[in-house]
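Here is how names work: the chains are called A, B, and so on, in the same order as the sequence lines, proteins then strands, and each is numbered from 1. All heavy atoms count here, side chains included; hydrogens, waters and symmetry mates do not. All values reported here derive from a predicted model rather than from experimental measurement.
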There are 2 protein chains.
Amino acid sequence: MYKPATIKDIALALKLSPSTVSRALRDGYEISTATKKVVMEYAKKVNYQSNPIALSLKNRRSYSIGIVVPKLANSFFSQAIAGIESIAYERGYHTIITQTHDSSERELINVNHLAQRSVDGLLISMSAGTSDYGFLKQLHNDGLPIVFFDRIIDEIETFKVTSDNFSGAYNATESLIKSGRKKIALLSNAPQLSITNERLSGYMKALADYHIPFRAELIRNCSKGGNDYQEVEDAVKDLLAATDKPDAIFISSDRISISCIRALKSLNFDPKEIAIAGFSNSDVVDLLHPSLSYVKQKSFEMGQIAVEMLLRLIESKYPITEFETKILDTELHLIK
Amino acid sequence: MYKPATIKDIALALKLSPSTVSRALRDGYEISTATKKVVMEYAKKVNYQSNPIALSLKNRRSYSIGIVVPKLANSFFSQAIAGIESIAYERGYHTIITQTHDSSERELINVNHLAQRSVDGLLISMSAGTSDYGFLKQLHNDGLPIVFFDRIIDEIETFKVTSDNFSGAYNATESLIKSGRKKIALLSNAPQLSITNERLSGYMKALADYHIPFRAELIRNCSKGGNDYQEVEDAVKDLLAATDKPDAIFISSDRISISCIRALKSLNFDPKEIAIAGFSNSDVVDLLHPSLSYVKQKSFEMGQIAVEMLLRLIESKYPITEFETKILDTELHLIK
DNA sequence: ATTGTAATCGGCAACGATTGCGTAGATTTT
DNA sequence: AAAATCTACGCAATCGTTGCCGATTACAAT
């Protein structure tokens with residue numbers, strides 16, 4: 001059985017009391033230099049390390065923060081996590097990463113697990129399927145610091161950070177228009193997500209600004225958000241089977257962008273015939289074929305900002321009542 | 001301050017002792033049905049959930065397992081994690097995921113953090129930079145169950161699962177040979193990794209079997225394992241600048257495969273002039289251009305097998321002394 | 001010699017949950 | 001009616017750590 005040395009062990013071996021050992025290790029002022037030296041040396045010898053579980057129980061602080069994202073395999077999220085970690089580690093916090101695979105049930109389980117494990121705070125990007133935020137509201141009201149990133153919600157008042165999805169979508173759509181396309185379809189993400197609607201608005205505004213009539217039949221919702229390839233292929237096939245078929249597609253999600261490319265490839269479509277632009281943070285998006293123009297979010301920075309917000313909440317001595325929602329701009333990369 | 005209901009709270013409210021409440025909640029036989037009913041109902045009302053921290057401290061069991069991988073952004077690992085979770089959740093365990101970014105220091109910190117957090121066991125795929133396994137040996141000797149996957153090491157005797165890297169490399173190299181290539185370069189991964197040498201051996205064996213002389217000048221080590229793009233580009237550039245330049249490249253790592261493709265693209269190389277094949281578990285590898293034949297590992301299955309091994313170790317009543325190293329075969333996907 | 005005052009350390013309790021043991025009171029047995 | 005048995009619950013210890021208070025000692029000030 002795995003059993004590391006404890007303060008008691010040291011106390012017993014050195015014929016001291018646990019409290020003395022504890023204070024000696026933390027360099028307390030009331031302990032003599034000699035005792036400190038003996039304790040420190042013995043502690044090093046037996047490789048003593050304080051038990052974070054016991055500390056968590058006693059202090060109700062764990063110096064760890066919980067991360068809940070839909071999918072690690074999604075580049076955007078793994079980049080955001082890297083950003084979170086870059087700051088968290090620096091500030092002495094550990095991270096506990098969990099993924100929900102866009103399942104509400106899994107999300108509930110993970111969030112509760114993290115809360116019970118007494119993480120000091122929570123960074124969360126909501127799952128597509130979640131519509132009941134009661135469990136989060138509960139935790140938030142009970143005082144658990146929470147920061148939302150990317151897929152944020154209105155129902156809870158706290159710090160949030162997300163991308164300028166409207167402009168991102170606007171710019172991408174505009175670029176398609178400027179390259180001469182007029183019949184621009186939209187592959188949209190799960191409709192309950194905040195980002196989905198913002199991107200839809202950007203798409204519509206761009207059409208309007210360029211006097212292109214909005215055509216509902218060019219919109220396809222992929223409510224499974226690219227987790228289901230078949231859904232996307234069916235949508236693409238359907239779009240391209242129309243008599244007045246689109247000459248471009250704007251895709252409002254990373255995973256759906258990939259699926260759309262795969263669909264176009266498997267349907268053997270001439271890339272010149274149909275232009276595509278979409279959101280993507282894939283680190284190989286520039287190598288894909290058929291190629292697409294893409295809107296890239298500042299994922300790493302978003303992670304950094306989110307965790308900084310969270311640490312402000314956690315380490316603030318007084319309750320914070322003024323919250324901020326930060327919007328990061330996006331980068332449009334056009335195909336050469 | 002976030003403060004969930006405790007057993008004491010319930011005891012106080014119901015004028016019972018904590019022990020009675022505890023036993024009532026666990027449906028102990030010595031508690032009257034009436035009391036149980038009262039306790040259960042009140043517990044539900046205040047949304048009581050047992051504190052895992054306290055339980056961990058008392059039982060030295062946490063029903064959580066630690067996962068340590070080099071990089072979440074690497075598809076292979078995020079797929080393996082999905083496999084791990086699929087089994088772990090089913091069996092009532094939580095997972096705590098950490099990544100090292102191939103840094104030994106980070107690996108040490110993460111492993112210790114997990115051990116101290118009293119995870120019941122550890123699933124680890126080693127970082128490229130690690131050469132001192134002392135800290136793992138220590139934990140293992142102290143009785144912490146550990147299972148290695150993918151990037152395994154010989155120095156510790158326990159369950160392990162990895163891919164048949166030799167055959168994977170052999171088959172890929174063979175496919176290049178059969179397509180008429182004779183001057184096959186090798187972009188190799190960090191040399192201290194187990195998988196690197198196995199793949200090198202497979203490459204060499206294929207050359208030998210087809211009577212192609214081994215040429216050391218066609219081997220390039222990317223010791224940073226594709227974490228550094230420039231290293232790969234330099235290697236590719238160097239290879240292709242030679243007078244007797246290769247007509248094919250076999251790449252022994254996922255990340256390096258991607259970097260190599262990018263290098264070839266940025267150097268404007270004709271895909272027909274130089275064929276490439278490499279290990280990759282990217283979920284978009286079939287959409288890349290220039291395209292490559294690829295060796296895909298059974299990542300999801302590997303995760304499942306690893307966690308099953310770990311649970312055997314954790315839940316075994318008697319110490320296990322007979323260990324197994326499972327080798328999964330790989331899938332070769334040729335470009336059409 | 002007495003009091004004051006640091007310096008140095010130990011004891012107790014608590015964080016939340018579990019559990020062996022003890023026991024008051026009710027019920028049954030003799 | 002006395003003794004034995006049961007029922008249903010409480011007490012206290014435990015896990016590792018630390019905060020608070022108290023105790024001991026030495027040494028200086030009075």
Flag side-chain contact, heavy atom, 4.5 Å: A:Met126 against A:Thr100: no
Ion pair check, A:Arg23 and A:Glu30, cut-off under 4.0 Å: yes
Any A:Ser50 side-chain N or O less than 4.0 Å from OP1/OP2 of D:dG16: no
Integer-rounded Å distance: C:dT18 P and B:Asp27 CG: 13 Å
From A:Asn74 atom CG to B:Ser78 atom OG, the distance as rounded to the nearest 0.5 Å: 9.5 Å
Between B:Thr130 and B:Glu107, a side-chain donor and acceptor under 3.5 Å: yes
Touch class at under 4.0 angstrom, heavy-atom based, for B:Tyr29 against every strand present: nothing
Per-nucleotide protein contact string for nucleotides 19-28 of chain D (B base, S sugar-phosphate only, - none; heavy atom under 4.0 Å): BB--------
Side-chain N,O (B:Tyr48) to OP1/OP2 (C:dA17) below 4.0 Å: yes
Touch class at under 4.0 angstrom, heavy-atom based, for A:Ser56 against every strand present: nothing
Below 4.0 Å: OP1/OP2 of D:dG16 and any side-chain N or O of B:Arg60: yes
DNA chain D: 5'-proximal contact among B:Ala54 and B:Ile31 (nearest heavy atom): B:Ile31
Separation of C:dT19 C1' from B:Leu25 CG (nearest whole Å): 15 Å
Rounded interatomic separation in angstrom, taking CD1 from B:Ile53 and P from C:dG16: 11 Å
Heavy-atom pair with the smallest gap, counting every atom of B:Lys160 and B:Ile153: NZ-O, 2.9 Å
Geometric cation-pi criterion B:Arg106 and A:Tyr89, 6.0 Å radius, 45° cone: yes
Rounded distance [0.5 Å steps], CZ in A:Arg91 versus CG in A:Leu311: 4.5 Å
Heavy-atom side-chain contact between B:Phe159 and B:Ile320 under 4.5 Å: yes
Closest-nucleotide ordering on DNA chain D, the 5'-leading residue of B:Lys36 and B:Leu57: B:Lys36
Near-strand residues of residues 5-17 of chain A, defined as heavy-atom separation under 4.0 angstrom from DNA chain C: A:Lys15, A:Leu16, A:Ser17
A:Lys36 NZ: over 12 foreign heavy atoms closer than 6.0 Å: yes
